[in-house]
Amino acid sequence: MPAMKKVALKSPLREIRPREAEAEMDSGPVRVLLVDGKEEDCVVTRQLLSEAQGKRFELEWILGYEGALDTIKRHVHDVYLLDYRLGERTGLELLREAIDNGCKAPMIILTAQADHSIDTEAIKAGAADSLVKGQINATLLERSIRYAIERKRAEERMAYLAQYDALTGLANRTLFKELLSLALARAERSSQHLALMFLDLDRFKIINDSLGHDVGDQVLKVVAERLRSRMRKSDTVARLGGDEFTVILEGIGTVQDATRVAQELLQIVALPITVQDQELFITPSIGIAIYPQYGKDPETLIKNADMAMYRAKRQGRNTYRFYTTEVNGKASQHLALENSLRRALEREEFLLYYQPQVEMKSGRIIAMEALLRWKHPDRGLIQPDDFIPLAEENGMIVPIGEWVLRTACQQNKKWQKAGLPLTTVGVNLSARQFRQKFFVEIVDRILKETGLDSQFLELELTESLFFESNGASTSRLKELKNLGIRISIDDFGTGYSSLSYLKCFPIDTLKIDRSFIGDIPASQADSAIASGMIALAHGLRIKVTAEGVETRAQLEFLRERGCDAIQGYFLSPPLSPAEITPKLKKGQMAMA
Ligand code: C2E
Ligand code: MG
Ligand code: MG
């Protein structure tokens, strides 16, 4: 396979990272080629350059037009001084020919006398400057050369930045598209396969929001370096922006080749990243589209790889998916879902299920967690994981969340009015809801409207919310607390938490994420983590609820460790109000 970069690169500088290029120019003497009509002029110029302060110059001269072009084509000089008069021809003709032959170094035209029209013509033709021989002194010549070189360097830097990502040094979107077109043309000529991979970091936003953009940038740099070091020279790695990377794999024999690379990329990106003394773990989701089966032109291939990446995200992240026609079906389903989601509220398609949280020592139902369900007219009952991310993306979560809050409060009030044992209702909040300016007012109004006493409402927040260490979220939490509402941390242990927030915020309950519960007591690691979390919370006088308790062994383990309450299929799945009411009526669940 041809070395792809060589083919695509128009300017030699594109291959050189900018800093290397600068270093190259700063070291050593400035190499000057003078093409002149007269030998005396060459002597004068040499004299002037030797007098110049600051830079050292190495002058080579050529008399007349003949042979000049061949020397210029060697591209070894930093700057060219071209006499306007070169016998029958002119320095401007030489300048144009040099540019046509790929000359990148700056050129300065020397004229015998001041002539405004030659001056203008020279600049138009691409000269860096034009100087009048009789008026040149050492300082003027040195400065003209230095400016010409510096300007050229700035231009090249701009050209570089226009094609490369400044943060990672990878190809940027513009260059990526150019390289993809070239790669596709080559694949077509050689009847070979090509794989386009889209790689997006999972939950990168959390890192950026919680640890700051500097840390985020470091992570991107490390990931870029890992990708680059894994790939062959002939493969292209690009950063399209944000946390989106692409890889072009040329000349792959089989789909397995692409699979193998995707698996390796998953592994190397997932290695711990140390930034500012902290270890971060990040995983990618990868979408792959194969040429020619699933796209023959750049646009289609890009669209399909992106769609496959989206599917990898939907199916649990930290994985790869190939684009197939079936993905396409999924994507249009996604669009349809989004449209029907927008109308679901007014069509009253949402309902709440409730799952009890039971106190360990008494078996009493201390809370009911409200869990959202969507009764889709064609697709039946849809679980929250399948539409809440979408609702968060498009902002629908705000009105939906308000509906959940009102309905849950109403339901709890209804139970109380019916004389059932008092219990708290737990409502899940999305960060987006919490960030609303008037969120506290909305909660207060709903409590008043429904007549529910605030002590019977518990809001479940996720850790990520606490990273926004801005004053707004702190004061908002305190205001909620002042209303008398309980606050719990949901899915504890799954975010990037520094834990320090636990002592700064008024938190009542920690809910240990079910991923730590599922494998206890068999998994030593999870057992240790769960025990540690319980001890940690108790040290801070915070209650602990374990989520996702499915077995008696788990219950017993948690009981021994002093866990305050449990929730999970072992006691009850989430149920409709009609199904759950009799259980609440008893108020009590068998724990032995
Ligand atoms: P969550 O808040 O952590 O809710 C607990 C989830 O665990 C529920 O899933 C519940 O059905 C499930 N679960 C309970 N016991 C067990 C068990 O023993 N084993 C297993 N494997 N799972 C168990 P669900 O109802 O599908 O909700 C998923 C997530 O969707 C919730 O996780 C919550 O983050 C979100 N969610 C649900 N309702 C709402 C809502 O009204 N607003 C917002 N913003 N998010 C919601
Ligand atoms: Mg919850
Ligand atoms: Mg949870």
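Bear in mind that the values here come from a model prediction, so they are computed numbers and not experimental data. Remember, it's 1-based here, ligands and their atoms both numbered in the order they're listed.
Distances from atom 23 (C) of ligand 1 to the heavy atoms of Tyr569, Phe434, Tyr353, Phe492 put Tyr569 nearest. Atom 46 (C) of ligand 1 has its nearest heavy-atom neighbour, among Asp513, Ile388, Ile566, in Ile388. Heavy-atom proximity to atom 6 (C) of ligand 1, evaluated over Gln355, Arg514, Arg373, is greatest for Arg514.
Applying the 4.0 Å criterion to heavy atoms of Gly568 picks out, from ligand 1, the atoms 15 (N), 18 (O). Counting the atoms of ligand 1 from 1 in the order shown, those under 4.0 Å from a heavy atom of Asp385 are 28 (C), 29 (C), 30 (O). The distance from ligand 1 to the heavy atoms of Ser430 drops below 4.0 Å at these ligand atoms: 44 (N). Set against the non-hydrogen atoms of Glu550, the atoms of ligand 1 under 4.0 Å away are 17 (C), 18 (O), 19 (N), 20 (C), 21 (N). Below 4.0 Å from some heavy atom of Val404 lie the following atoms of ligand 1, by number and element: 41 (O). The Pro574 neighbourhood of ligand 1 comprises atoms 11 (O), with distances under 4.0 Å to a heavy atom of that residue.
Between Glu392 and ligand 1, no pair of N/O atoms sits closer than 3.5 Å. For a threshold of 3.5 Å applied to N or O pairs, the pair formed by Gln567 and ligand 1 contains no separation below that value. Considering backbone and side-chain N/O of Gln433, none are found under 3.5 Å from N/O of ligand 1. Ligand 1 has a nitrogen or oxygen under 3.5 angstrom from a nitrogen or oxygen of Leu372.
Judged by distance alone, the side chain of Arg239 and the main-chain N or O of Leu170 form no donor-acceptor pair under 3.5 Å. In this structure, Lys481 contributes its side chain and Ile485 its backbone to a donor-acceptor pair below 3.5 Å. With hydrogens and angles disregarded, a donor-acceptor distance shorter than 3.5 Å links the side chain of Arg476 to the backbone of Phe434.
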_Is there a salt bridge (Lys or Arg N to Asp or Glu O under 4.0 Å) between Arg228 and Glu225? Walk through the geometry before answering._
CA-CA 5 Å; Arg228 181 161 40 207; Glu225 196 42 52; 2.8 Å; yes
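The two residues Ala530 and Ile512 come nearest to each other via the heavy atoms O-CD1, 4.0 Å. When every heavy atom of Arg321 is checked against every heavy atom of Thr319, the shortest pair comes out as NH1-OG1, 3.2 Å.
Note: Trp374 and Phe387 have perpendicular aromatic rings, judged against thresholds of 30 and 60 degrees for the angle between ring planes.
The N, O or S atom of Asp490 lying closest to the Mg ion (ligand 2) is OD2. The closest approach of Glu460 to the Mg ion (ligand 2), by N/O/S atoms, is made by OE1.
A side-chain donor from one of Glu458 and Ser488 sits under 3.5 Å from a side-chain acceptor of the other. For the 3.5 Å distance criterion, the side chains of Asp200 and Ser285 fail to qualify, holding no donor opposite an acceptor. Side chains of Asp202 and Thr283: a donor-acceptor N/O pair is present below 3.5 angstrom, by distance only.
With a heavy-atom cut-off of 4.0 Å, Val427 does not touch ligand 1 at all.
Heavy-atom separations between Glu369 and ligand 1 include at least one value shorter than 4.0 Å.
With the Mg ion (ligand 2) as the vertex, OD1 (Asn428) and OE2 (Glu369) define an angle of 90°, rounded to 10°.
Within the cation-pi definition used here (under 6.0 Å to the ring centroid, within 45° of the axis), Arg435 does not qualify as a partner of Phe439.
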